[in-house]
Amino acid sequence: MPTHLITGAGSGIGAAVTRRLLERGDDLVLLARDAGRAKELAERQPGVRTLVGDLGNPDRLSWAFGQQTVPERIDSLLHIAGVVELGEVGELTPKAWHFQIDANLIAPAELTRLLLPQLRVARGHVLFVNSGAGLNAHAGWSAYAASKHGLKALADSLRHEEHGNGVRVTSVYPGRTASPMQAKVHQQEGKEYDAERWIDPESVATTILMALDLPRDAEVNDLTVRPGR
């Protein structure tokens, strides 16, 4: 039974992936920002285990994991959590930059560093749910896009570094996906949100499972998913 550690399991793409992996009987460890959120996730998805660590404060992740039992083997580390705060360069404060870069880039890097020994034991898989903004930056998206461009660089470097250890690395770049984050983006843009216009999280989950389940003779490096409507 493979063990997956998932961030962002509470909603959107993360929740869809969590449901799908649970349905097939895999062992799941969900990262929660605090004890209250961990309890909520465990009650919502019976059978999962939880770890507490705040992605918004990556400097404390090592300490937090030192107080808990971390799996000895991890078959996949799924970085799905993310935050967004739109704004033009002339308006964004250092706080807004730190908010997004800490959670979207530094925390995944630190989480990966802490769990690499377990991933190497399993010859596991690190999967980053990036964004179309990780490939192209538009007006008003500078800080978010910078964090996601950085996430691409992290994944590319990690792939080269860990290839000899049998660790596979995949980046998935979804377009706009129907989720609470997308609703927040529309609110920030001052636009009406219509979930039917965007990708269903289940469709992105399907692409993620495809990458995870690919036989060992192949590896998906980069996968772009766009709205079909």
Side-chain angles (χ1 to χ4, degrees), residues 3-14 17-18 28-38 41 48-85 94-131 133-134 143-173 181 208 212 221-222:
T3 298
H4 311 275
L5 197 151
I6 306 175
T7 75
S11 64
I13 296 169
V17 171
T18 298
L28 301 191
V29 181
L30 309 183
L31 186 72
R33 62 180 173 267
D34 54 40
R37 182 61 165 167
L41 290 173
V48 304
R49 291 181 284 165
T50 58
L51 274 175
V52 174
D54 184 3
L55 298 179
N57 190 1
D59 289 346
R60 296 282 289 174
L61 285 173
S62 179
W63 176 87
F65 281 14
Q67 315 305 307
Q68 303 169 81
T69 300
V70 178
E72 296 181 357
R73 173 192 175 101
I74 294 175
D75 294 276
S76 82
L77 171 58
L78 307 179
H79 295 286
I80 305 179
V83 298
V84 61
E85 184 173 332
K95 182 178 180 180
W97 282 90
H98 281 296
F99 171 65
Q100 294 173 87
I101 291 176
D102 283 353
N104 294 346
L105 175 57
I106 299 176
E110 175 66 352
L111 194 57
T112 302
R113 182 185 75 85
L114 295 172
L115 298 175
L116 264 178
Q118 292 91 326
L119 287 157
R120 289 168 178 161
V121 166
R123 292 173 60 86
H125 201 142
V126 183
L127 188 143
F128 299 90
V129 173
N130 198 298
S131 166
Y144 180 76
S147 71
K148 292 298 189 176
H149 274 67
L151 193 66
K152 180 185 186 302
L154 168 62
D156 290 347
S157 294
L158 181 69
R159 184 179 301 113
H160 289 295
E161 293 168 3
E162 293 300 320
H163 180 76
N165 294 319
V167 176
R168 298 194 290 188
V169 179
T170 298
S171 289
V172 179
Y173 302 88
M181 176 183 280
I208 290 172
L212 293 179
N221 292 166
D222 298 281

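For clarity, every value in this text was computed on a predicted model and none was experimentally measured. We use all heavy atoms of the structure for the numbers below, so side chains are in, but hydrogens, waters and symmetry mates are not.
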Please evaluate residues Thr170 and Val126 with respect to the criterion side-chain contact (heavy atoms from CB on, under 4.5 Å), reporting the C-alpha separation (whole Å), side-chain torsions for both, the decisive distance (0.1 Å), and the verdict.
CA-CA 6 Å; Thr170 298; Val126 183; over 6 Å; no
Is it the case that His79 and Thr112 place a side-chain donor and acceptor less than 3.5 Å from each other?
yes
Would you say that Leu154 contacts Phe128 through its side chain, given a criterion of any heavy-atom pair below 4.5 Å between the two side chains?
yes
Derivation and outcome, side chain to side chain donor-acceptor pair (under 3.5 Å), residues Asp222 and Tyr173
CA-CA 8 Å; Asp222 298 281; Tyr173 302 88; 3.0 Å; yes
Against Pro58, only a single residue in Leu111, Ile101, Asp102 fulfils side-chain contact (heavy atoms from CB on, under 4.5 Å); can you say which?
Asp102
What's the shortest heavy-atom distance between Ala155 and Val169, and which atoms?
O-CG1, 3.5 Å
Least distance between heavy atoms, Leu55 atom then Ala107 atom:
O-CB, 3.3 Å
Taking His149 for its side chain and Ala133 for its backbone only, find out whether a donor-acceptor pair lies under 3.5 Å.
yes
Check Val52 against Leu31 and note the closest heavy-atom contact, atom names and distance.
C-CD1, 4.2 Å
What distance separates Leu5 CG from Leu28 CG, expressed to the nearest 0.5 Å?
9.5 Å
With the side chain counted from C-beta on, respond yes when Asn104 and Val83 share a heavy-atom pair under 4.5 Å apart, and no when they do not.
yes
For the residue pair Val70 and Gln118, establish whether any side-chain heavy-atom pair is separated by less than 4.5 Å.
yes
So CG of Leu41 and CG of Leu51: to nearest 0.5 Å the spacing works out to 11.5 Å
Say you draw a straight line from CD of Glu162 to CG of Leu116; how long is it, rounded to the nearest 0.5 Å?
4.5 Å
Do Leu127 and Ile208 touch side chain to side chain, with heavy atoms closer than 4.5 Å?
yes
State whether the side chain of Asn130 and the backbone N or O of Lys148 hold a donor-acceptor pair below 3.5 Å, judged by distance alone.
yes
Keeping the roles fixed (side chain from Arg159, backbone from Asn221), state whether a donor-acceptor pair exists under 3.5 Å.
yes
Run the side-chain contact (heavy atoms from CB on, under 4.5 Å) check on Tyr144 and Ser131 step by step: do they pass?
CA-CA 10 Å; Tyr144 180 76; Ser131 166; 3.6 Å; yes
Before accepting this row, confirm whether a basic side-chain N of the pair Asp34/Arg37 lies closer than 4.0 Å to the acidic partner's carboxylate O.
no
Step through the shown structure and confirm whether more than 12 heavy atoms of other residues, nucleotides or ligands are within 6.0 Å of CD on Gln68.
yes
How long is the gap from CG on Asp156 to CD on Glu161, to the nearest 0.5 Å?
11.0 Å
Atom CG in Leu212, atom NE2 in His125: separation rounded to 0.5 Å?
5.5 Å
Which atoms form the tightest heavy-atom contact between Leu151 and Leu105, and what is the distance?
N-CD1, 3.6 Å
For residues Ala103 and Pro108, report the shortest heavy-atom separation together with the two atoms involved.
O-CD, 3.4 Å
Can you see which heavy atom on Val121 is nearest to which on Arg73, and at what distance?
O-NH1, 4.1 Å
Might you work through the side-chain contact (heavy atoms from CB on, under 4.5 Å) test for Leu114 and Glu110, ending with a clear yes or no?
CA-CA 6 Å; Leu114 295 172; Glu110 175 66 352; 3.9 Å; yes
Separation between CZ (Arg49) and OG1 (Thr3), nearest 0.5 Å, reads 5.5 Å
Check whether any side-chain N or O of Thr7 sits under 3.5 Å from a backbone N or O of Ile80 as a donor-acceptor pair, and report yes or no.
yes
Would Val84 and Gln100 count as a side-chain contact (heavy atoms from CB on, under 4.5 Å) if you check the C-alpha gap in whole Å, the side-chain angles of each, and the deciding distance to 0.1 Å?
CA-CA 6 Å; Val84 61; Gln100 294 173 87; 4.2 Å; yes
Close side-chain approach of Val129 and Leu78, heavy atoms under 4.5 Å:
no
